[in-house]
There are 2 protein chains.
Amino acid sequence: MPNQDHSIGCSVEHVLGMVSGKWKPIILFELFQETKRFSQLQQAIPNITRQVLTTQLRELEKDGLISRKVYPLVPPKVEYTITNLGRKFKGVLDQIEQIGESIVKKKTTLK
Amino acid sequence: MPNQDHSIGCSVEHVLGMVSGKWKPIILFELFQETKRFSQLQQAIPNITRQVLTTQLRELEKDGLISRKVYPLVPPKVEYTITNLGRKFKGVLDQIEQIGESIVKKKTTLK
DNA sequence: CGGCATCCCTTACGATACTG
DNA sequence: CAGTATCGTAAGGGATGCCG
């Protein structure tokens, strides 16, 4: 059943929600570069608490955008890697970034 | 000052917020097609209350994605039109829609 | 090191009733 | 027709403390 109606809008809403967390775009930008440990993400993103970082990572993992690998060591070591699905969002976020720049540019031009 | 740090993530977050309202993508899809009246949007989007539709439209207008034209008539007539800035989001939303489809396809393949 | 449990606060969203 | 005003609820995010 091909959808012509609002199931389209519905799926868009769902996918949009996958990257709409307050810190998710930043986390993804970090992981687009390379696989990183939890502590590396904490350092790369100051102002985020462990609790919130954990939550956002869990959601990204649940939605299949990143994968989580635990090394059974003491002390613990956990690595987060972008998945193929997660990589598909790079184009989207880059476009959004460009729109952001065009808005900033327009603002400065106005003054 | 060219930004290498998180002002990038910050602007992305801001732009993302512009389209992250629960109904905003749907509203934009409607207005990508053509200028529409308030009542047309209501009919096109069942399940949305007037209050919420009004709020989302006001936010889209405030962020410059749509423009609002009031015809001083009785009964009132108000038209909403996508702006140039708003049109820039078409590519983003189309990409997101494609990702959504790829996810749905993968799910059915798994079963 | 990388969590989870708990509490709090703000915001988004929604239902309903009234109005120029 | 196209709103505003008011109220209620739920979710997202944040601060802090404990744990294997």
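Proteins come first, then strands; the chains are lettered A, B, ... in the order of their sequence lines, and each starts at number 1. It should be emphasised that the depicted structure is a prediction, and the values quoted were computed from it without experimental measurement.
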Distance, rounded to the nearest Å, where [X] contributes [atom1] and [N] contributes [atom2]:
X     : N      : atom1 : atom2 : answer
B:L16 : C:dA12 : CG    : C1'   : 16 Å
B:I27 : C:dC13 : CD1   : C1'   : 13 Å
A:I48 : D:dT16 : CD1   : C1'   : 16 Å

Residues which pass salt bridge (Lys or Arg N to Asp or Glu O under 4.0 Å) with [X], listed by chain and number, not counting sequence neighbours:
X     : answer
B:K36 : B:E30
A:E59 : A:K24
A:K22 : none

Subject >> Rounded to 10 degrees, the angle between the two terminal axes of the helix from C:dC1-D:dG20 to C:dG20-D:dC1, each from five pairs >> reply: 50°
All side-chain hydrogen bond (donor to acceptor under 3.5 Å, both in side chains) counterparts of [X], not counting sequence neighbours:
X      : value
A:E101 : none
B:T35  : B:T81
B:S20  : A:S20

Original post:
Among pairs that include at least one residue of residues 84-95 of chain B, which meet salt bridge (charged side-chain N to carboxylate O under 4.0 Å, His left out), considering only residues two or more places apart or in two chains?
Top reply: B:K90-B:D94
**OP:** State plainly whether one hydrophobic cluster holds both B:L41 and B:F32, where clusters connect Ile, Leu, Val, Met, Phe, Trp and Tyr through side-chain heavy atoms under 4.5 angstrom apart.
**Re:** yes
Short heteroatom pairs, N/O only, protein and nucleotides 9-13 of chain D, under 3.5 Å:
residue : atom : partner : partner atom : Å
D:dG13  : OP1  : A:K22   : N            : 2.6
D:dG13  : OP2  : A:Q56   : NE2          : 2.9

Original post:
Reading nucleotides 1-11 of chain C 5' to 3', which nucleotides get B (base under 4.0 Å from a protein heavy atom), which S (sugar-phosphate only), which -?
Top reply: BBBSBB-----
Residues 62-77 of chain B, side-chain donor-acceptor partners within the protein, below 3.5 Å, at least two apart:
residue : atom : partner : partner atom : Å
B:R68   : NE   : B:Y80   : OH           : 3.3
B:Y71   : OH   : B:E79   : OE1          : 3.0

Original post:
Taking B:Q40 for the side chain and B:R37 for the main chain, is one N or O donor matched with an acceptor at less than 3.5 Å?
Top reply: yes
